[in-house]
Amino acid sequence: MAIAHTPSRATDSLAAVLATVGVVLMALLTLYLVGFDQGAISRSGMYLHELMHDGRHLLGVPCH
Ligand SMILES: [Zn+2]
């Protein structure tokens, strides 16, 4: 059984677009914080880097 959603109004489509944009932005922010942050942007020193260190290696992101 397939579930299909067909927006009936323009506001439904706008809400779907805004939700999609929000999810994509949060995913990119998470990717940045896990993979690339060195403390310069997050102003956390090396705290986030050390916190996400195993995740970086697990994902194969160059670290050190
Ligand atoms: Zn490392």
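Start at 1 and go down the list; that is how both ligands and their atoms are numbered. Here the structure is a predicted model, which means the values were calculated and not measured.
Leu51 and Leu29 end up in the same hydrophobic cluster when Ile, Leu, Val, Met, Phe, Trp and Tyr side chains are linked at under 4.5 Å. The hydrophobic clustering, which links ILVMFWY residues whose side-chain heavy atoms are closer than 4.5 Å, places Leu33 and Met46 apart.
One finds the OH atom of Tyr47 at 9.0 Å from the CE atom of Met52 (value rounded to the nearest 0.5 Å). For the atom pair CG (Asp37) and CG (Leu31), the distance works out to 11.5 Å, reported to the nearest 0.5 Å.
Remark: the backbone N or O of Val34 is paired with a side-chain donor or acceptor of Arg56 at under 3.5 angstrom.
Under the 30°/60° scheme for interplanar angles, the aromatic rings of His53 and His57 are found to stand perpendicular.
Around the Zn ion (ligand 1), protein N, O or S atoms at a distance under 2.8 Å total 4; waters are neither shown nor counted.
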